[in-house]
Amino acid sequence: MERYDIAIIGTGPAGLEAAITAKLRNKNILLLGNEELSTKIDSAHEIKNYLGLPNVSGSDMRSAFAGHLKAMDISITTDRAAAIYAMGDFFAIQGHAENYEASTVILATGVSAEKPFPGEKENLGRGVSYCATCDASLYRGKSAIVVGYSAKEETEAAFLAEIADKVYYLPVYDGCDTAPAGTELITGVKPTAIEKAEGGLMALKYDNGETAEANGIFILRENIAPTDLVPGLEIKDGHVVTDRKMATNLAGLFACGDITGTPYQYAKAAGEGNVAALSAVSFLSGK
Ligand SMILES: Cc1cc2nc3c(=O)[nH]c(=O)nc-3n(C[C@H](O)[C@H](O)[C@H](O)COP(=O)(O)OP(=O)(O)OC[C@H]3O[C@@H](n4cnc5c(N)ncnc54)[C@H](O)[C@@H]3O)c2cc1C
């Protein structure tokens, strides 16, 4: 397997700036994220505080960022990290589509407004999963409920349905009228909590008071908590703890952008991305 110098997780301003800086320093990089870059760039109506781009719309800012990547021949690997493990001399990154290895990692996955359901964290890895592709094989001949937070999750649900006996798909976003291939659509309810049920099953509670049961419940969101993504990572008040070099408590793993704390701003995210990449370069030189 190819071992990258620096794996950058996230394609918001923090990850993109880290990628540009690392590429300028001739590092072999993996930039993991999505072609749309970040919904937090696109959703901004008018941005007035980003240097060099006065009164820019979110979509124009996105085009400017995408153009910069293109000009520097930086490509995005469209995948999502499901788990990152410190292996001593390198990091093993479990993606939804593939697995990767890198000598250093820069975490730039932003923050999520969505809170976990009661019972979600307690049952993670014990009937609750965040990655259908990674855990599908555990559900051969079994049933699962997939809670999808965006249309991107439909492909994962369809993949799970190829392996599991029965898959229900519950979209918590607008516009999903057709069930992903092989699944049965659940509509008109919102999930509220997760519990263990009789016979090794999991129960998903709905806002109408009803409950559905299955062997497993998949919660597919864009962001997962940094502690679920990277075992052993130090967190304080919901943010990754870093020093001024954007180094975390795990040697070789750096973090930047919203994930390290407020203020949540493009310029702060990009600035920290720059520092994180330079710190990763120094770390590699010192090895
Ligand atoms: C509506 C709105 C308006 C805003 N207006 C302004 C403004 O005017 N000025 C300002 O300075 N700031 C503004 N902000 C804040 C700004 O958007 C954020 O501070 C900034 O986007 C943070 O950048 P980031 O790179 O840290 O994270 P994000 O932009 O959130 O990017 C994180 C990226 O990581 C990806 N990701 C997440 N998990 C994974 C994973 N496991 N594997 C791979 N990729 C992953 C996501 O898909 C995303 O691409 C606004 C925010 C919003 C929502």
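Note that ligands are numbered from 1 as they come in the structure, with each ligand's atoms numbered from 1 the same way. Because only heavy atoms are used, hydrogens play no part in the values below, and waters and symmetry mates are left out as well, while side chains stay in.
No side-chain donor from either of S103 and D5 sits under 3.5 Å from a side-chain acceptor of the other. Checked by atom type, the side-chain pair D135/S129 shows a donor-acceptor distance below 3.5 Å. Inspection of the E222 and N34 side chains reveals no N or O donor paired with an N or O acceptor under 3.5 Å.
Geometrically, ligand 1 and N223 share no nitrogen or oxygen pair separated by less than 3.5 Å. Backbone and side-chain nitrogen or oxygen atoms of Y266 are examined, and one is located within less than 3.5 angstrom of a nitrogen or oxygen of ligand 1. Ligand 1 has an N or O atom lying under 3.5 Å from an N or O atom of S38, backbone or side chain. The N/O atoms of L229, backbone and side chain alike, include none that comes under 3.5 Å of an N/O atom in ligand 1. At a 3.5 angstrom cut-off on N or O pairs, I47 does not count as close to ligand 1.
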Steps toward side-chain hydrogen bond (donor to acceptor under 3.5 Å, both in side chains) verdict (S143, D165): CA-CA 6 Å; S143 60; D165 200 34; over 6 Å; no
side-chain hydrogen bond (donor to acceptor under 3.5 Å, both in side chains) evaluation trace for Y130 with E120: CA-CA 10 Å; Y130 289 150; E120 177 182 321; 2.5 Å; yes
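Residue-ligand proximity, L37 to ligand 1, at heavy-atom distances under 4.0 Å covers atoms 48 (C), 49 (O).
At least one heavy atom of N49 sits less than 4.0 Å from an atom of ligand 1.
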